[in-house]
There are 2 protein chains.
Amino acid sequence: MSSTDDLQANARIRGAAMDLFGKQGIRATTVRQIAQAAGVSPGLVIHHFGSKDGLRRACDEWMMAQITATKTAAVSGGGAMEAVFRAQNQFRPFYGYIAASISEGGEGADRLFEAMRRLTRDMFDVGVPAGILREPSDIDAMSTVLVALTLGATMLEGQLARHLGGEHLLDPEVMPRYSITATELFTYGIFADDTMLRQIQAAFAKPPPDGL
Amino acid sequence: MSSTDDLQANARIRGAAMDLFGKQGIRATTVRQIAQAAGVSPGLVIHHFGSKDGLRRACDEWMMAQITATKTAAVSGGGAMEAVFRAQNQFRPFYGYIAASISEGGEGADRLFEAMRRLTRDMFDVGVPAGILREPSDIDAMSTVLVALTLGATMLEGQLARHLGGEHLLDPEVMPRYSITATELFTYGIFADDTMLRQIQAAFAKPPPDGL
DNA sequence: CAAGATATTGAACATGAGTTCAACCGATGA
DNA sequence: TCATCGGTTGAACTCATGTTCAATATCTTG
């Protein structure tokens, strides 16, 4: 790294890669597309990152650095309610890339999912004593399921937004409807009582049939 | 189509395609892999379906036919609780393919998502009067969100299973933990009370900040 | 200023994947 | 029996993509 331009080229390439990876998927994004978006030649992309996979790894590492950098600030921040909010917003700027990275597998995917799972678990550790969150019977499983559900919904952002009357989740018409509905789901559930839950618990207690 | 062998070749190719598409993703699956799995030559795949995309369309249509064929039976079946169960199980055999198809976009993805959303909505129409399901304040949004969450979790089957102590969702160690946790989530939610919900509703009622 | 290193390019290469095509069965029917 | 037609093959073609490489520009440094 000699002057500022070098970093800018690196950063432009990485930024273009994260953007396109997130929007189109990693496999569907070509080195030439990234190069064009960054305003450089395809050869330079390889020169700086070794390979397309190296570029992907660089994206993973850069994002993790960004996240862990803001993580400490989030945990040390204000009240527990804010902590819950921040835990969700922590990854939001990277949701597109995370979804693509995880859905296409690979090494980085595991680390990413694990990081999100741990942060969600932290959310319970803070939110339950504060009286904001119910205590799940299996907190590890609940953290995992929550991350999978949230991430999965992000992968289906387009479908979600289309059915909620917009183009993207962040559209002012879509976001309120999604937020309120998701929060309602996470507040009251969908079942009228615990009949189904007891039924499933009983079903798995003895024989192994099929469940939700 | 002259004898039964012709149909068998067609069906073998389609079956191999649905299997591989679901396991590896559509783009990641090659015509040669499908041909080998079906025990035929790559040329025959194109001969029968015109192109790889034609094969994908054929998979979509065949699956939709299968689903709509069993749909009537499910709706007309026994009690409301069973109806809820069947609504979930309806698509289960095709979850892998559906997840791949939707996550990689395309025409069929929209139809698929819409079909699942409608079936989920039907589930509410049956389950709410029967006293099994809570009535959501926005039933269309809730149906959409539920489909997105469920489908998304399926896309992340590998990650889910790994964190729950197995390889696949259907593993006898994984399935109970996932089912019980998901049902617990859908029964009690995760919030201790409706503070968060009221807060979000209020936040979106007047100014447009940022939410869940 | 000189020299070496680094950034950058653009063309070329190798590989893999979708597709085409001419030839080869194998059954069906006159 | 023989001709015809659809199923089937496997090799070849085309194209996109990741990657390499020699050449050039730009910058740092002694």
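To find a chain, count down the sequence lines: A is the first, B the second, and so on, and within it residues start at 1.
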Of the listed D:dT19, D:dT8, C:dT19, the closest approach to the B:Ser41 side chain comes from D:dT8
Notebook entry, point to check: Looking at A:Glu114 and A:Arg118, does any basic side-chain N land under 4.0 Å from a carboxylate oxygen?
Noted result: yes
Does D:dG6 have its OP1 or OP2 closer than 4.0 Å to a side-chain nitrogen or oxygen of B:His48?
no
To the nearest angstrom, the CZ-C1' distance between A:Arg12 and C:dA7 comes to 12 Å
B:Phe49 CZ to C:dT19 C1', in whole Å, measures 16 Å
When rounded to whole Å, the CG to P distance for the pair B:Asp53 and C:dA17 reads 18 Å
Answer with yes or no whether the side chains of B:Asp19 and B:Tyr97 bring together a donor and an acceptor at under 3.5 Å.
no
### Task
Using a strict cut-off of less than 4.0 Å between a Lys/Arg side-chain nitrogen and an Asp/Glu carboxylate oxygen, indicate whether B:Asp53 and B:Arg57 qualify as a salt bridge.
yes
Considering only heavy side-chain atoms of B:Lys52, the closest of C:dT19, D:dT9, D:dT19 is C:dT19
So does A:His47 get a side-chain nitrogen or oxygen closer than 4.0 Å to the phosphate oxygens (OP1/OP2) of C:dT9?
no
* To do: Hey, can you tell me if A:His163 and B:Phe113 have their rings parallel, tilted or perpendicular (30° and 60° cut-offs)?
  => tilted
Taken to the nearest whole Å, CG/B:Leu44 to C1'/C:dT20 is 14 Å
Atom CD of A:Gln36 and atom P of D:dA16 are separated, to the nearest Å, by 14 Å
Of A:Gly50 and A:Thr30, the one whose nearest nucleotide on DNA chain D sits closer to the 5' end is A:Thr30
Here the distance between atom P of C:dT8 and atom CG of A:Asn10, to the nearest Å, is 8 Å
B:Leu20 CG to C:dA17 C1', in whole Å, measures 15 Å
With the side chain defined as heavy atoms from C-beta on, B:Ile46 is closest, among C:dT19, D:dT8, C:dA7, to C:dT19
Inset, instruction - Determine yes or no for a side-chain-to-main-chain donor-acceptor pair under 3.5 angstrom, with B:Arg121 supplying the side chain and B:Met116 the backbone. - result: no
In whole angstroms, the gap separating P of D:dT17 from CG of A:Leu55 amounts to 16 Å
Would the base of C:dG16 count as contacting B:Arg32 through its side chain, where contact means a donor and an acceptor less than 3.5 Å apart?
no
